[in-house]
Amino acid sequence: MSVCLDQSFYSRPTDLVAKELLGNRLVRLIESKENGIERLSGIIVETEAYGSDDDPASHAYRGLTPRNAVMFGDVGRAYVYFTYGNYFCVNVSARACERKAGAVLIRALQPVDGIEVMKSFRKTDNEFSLTSGPGKLTQAMNITKLLNNVDVTDPKSLLSIEWGFPAPQIVITQRIGITRAVDRKWRYVAGYRKDSCLLINKYASRRR
DNA sequence: TCGATGATTGAG
DNA sequence: TCAATCATCGAA
């Protein structure tokens with residue numbers, strides 16, 4: 001019995017949602033004639049928050065366009081966009097009720113279900129390079145624009161987010177790969193304690 | 001219509 | 001460190 005996070009979870013400040021998504025699970029169901037329904041999943045270990053007209057780094061900064069419409073619509077929907085001519089990125093729409101738009105970019109997963117299938121989509125055997133980046137995880141789970149605006153609060157959706165456990169430790173940093181509002185610390189990474197040091201999850205992205 | 005840009009990645 | 005690669009968007 002799977003339990004998804006509901007709309008009330010996403011109807012809160014985007015940075016808080018980004019932080020609390022860590023430890024929950026992104027689930028992709030793939031329908032195929034040979035294998036029926038394949039379940040791919042991974043624990044969310046890295047996220048970033050993006051706002052609206054108050055956030056120059058956000059796609060929603062200059063207002064509503066066809067691409068970013070999901071950020072302005074119902075919360076708890078997948079916002080999937082194409083970038084750099086090669087890759088998709090997946091977000092979940094989320095914002096406090098008084099905000100115009102918002103989304104949380106899912107940047108990395110710790111793979112759990114369907115690892116062999118994900119390896120074939122990614123054309124690699126390296127488990128640590130499977131879902132350790134926003135473009136990698138969409139490739140591993142075959143997440144494309146077809147899933148834009150899918151309701152991730154519905155367990156029957158082809159893409160959903162299941163309730164899990166909060167990350168035991170969280171590392172907070174600046175967002176990656178942006179050129180504006182670089183000072184804001186809206187990136188959240190799952191971490192763990194080792195010998196009184198706080199280390200980042202091994203499935204998080206490596207670049208900065 | 002057109003040029004600039006980008007919430008990235010893999011190769012070198 | 002850098003090029004690949006193209007949809008999107010704002011300006012013309």
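This is a predicted model, so every value here is computed, not measured. The sequence lines fix the lettering, A, B, ..., with proteins before strands; numbering per chain opens at 1.
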Without decimals, in angstroms, what is the distance between [X] [atom1] and [N] [atom2]?
X	N	atom1	atom2	value
A/Asn126	B/dT9	CG	P	14 Å
A/Asn68	B/dA7	CG	P	12 Å
A/Arg187	B/dT8	CZ	C1'	14 Å
A/Lys185	B/dA7	NZ	P	20 Å
A/Met71	B/dA7	CE	P	11 Å
A/Arg175	B/dT8	CZ	P	12 Å
A/Arg107	B/dG6	CZ	C1'	13 Å
A/Asn91	B/dT8	CG	C1'	14 Å

- Note on the structure: Note: contacts of residues 80-88 of chain A with DNA chain C (heavy atom, under 4.0 Å) are A/Phe82, A/Tyr84, A/Gly85, A/Asn86

- DNA chain C contacts made by residues 43-65 of chain A, counting heavy atoms under 4.0 Å: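 Per residue number, the list reads A/Arg62, A/Thr65.
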
- Message: Between A/Asp15 and A/Arg184, does any side-chain N to carboxylate O distance fall below 4.0 Å?
- Response: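 Here A/Asp15 does not pair with A/Arg184 in a salt bridge, since their nearest N and O are not under 4.0 Å apart.
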
- Message: Is it the case that the ring center of A/Trp163 lies less than 6.0 angstrom away from the ring center of A/Phe165?
- Response: yes

- Item | Partner of A/Ile44 by side-chain contact (heavy atoms from CB on, under 4.5 Å), out of A/Thr131, A/Leu22, A/Val104 |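 By the side-chain contact (heavy atoms from CB on, under 4.5 Å) criterion, A/Ile44 pairs with just one of A/Thr131, A/Leu22, A/Val104: A/Leu22.
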
Is a donor from one side chain sitting under 3.5 angstrom from an acceptor on the other, for [X] and [Y]?
X	Y	result
A/Tyr203	A/Glu46	no
A/Thr173	A/Arg187	yes
A/Ser8	A/Asp6	yes

- Query: Which ranges of DNA chain C pair up as stems, where a stem means three or more consecutive Watson-Crick or G-U pairs with both distances under 3.5 Å?
  - Reply: B:1-6 with C:6-11, B:8-11 with C:1-4

- Would you call A/Pro56 and A/Tyr61 a side-chain contact if the rule is heavy atoms closer than 4.5 Å? yes

- Any side-chain heavy-atom pair of A/Ile143 and A/Phe88 under 4.5 Å: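 A/Ile143 does not reach A/Phe88 side chain to side chain.
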
- Please say whether the positively charged group of A/Arg12, taken as NZ for Lys or CZ for Arg, lies over the ring of A/Phe9, i.e. under 6.0 angstrom from the six-membered ring centre and within 45 degrees of the axis.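 Yes, A/Arg12 and A/Phe9 form such a contact.
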
- Message: Counting the atoms with a prime plus P, OP1 and OP2 as sugar-phosphate, which does A/Arg206 contact under 4.0 Å by heavy atoms, base, sugar-phosphate, or nothing?
- Response: nothing

- Message: Using a heavy-atom cut-off of 4.0 Å across all strands, would you classify A/Ile178 as base, sugar-phosphate, or nothing?
- Response: sugar-phosphate

- Message: Could you check whether any side-chain N or O of A/Asn68 sits under 3.5 Å from a backbone N or O of A/Thr65, counting only pairs where one atom can act as donor and the other as acceptor?
- Response: yes

- Task: Would you name the heavy atoms of A/Cys89 and A/Thr83 that are closest together and state the gap between them?
- Result: SG-CG2, 4.0 Å

- Please state whether the base of B/dG10 and the side chain of A/Arg207 form at least one donor-acceptor pair under 3.5 Å?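 In this structure, the two groups form a donor-acceptor pair.
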
- Phosphate-side-chain proximity, A/Arg67 and C/dG10, N/O vs OP1/OP2 below 4.0 Å: no

- Flag yes if more than 12 heavy atoms outside A/Arg206 fall under 6.0 Å of its CZ atom; otherwise flag no. no

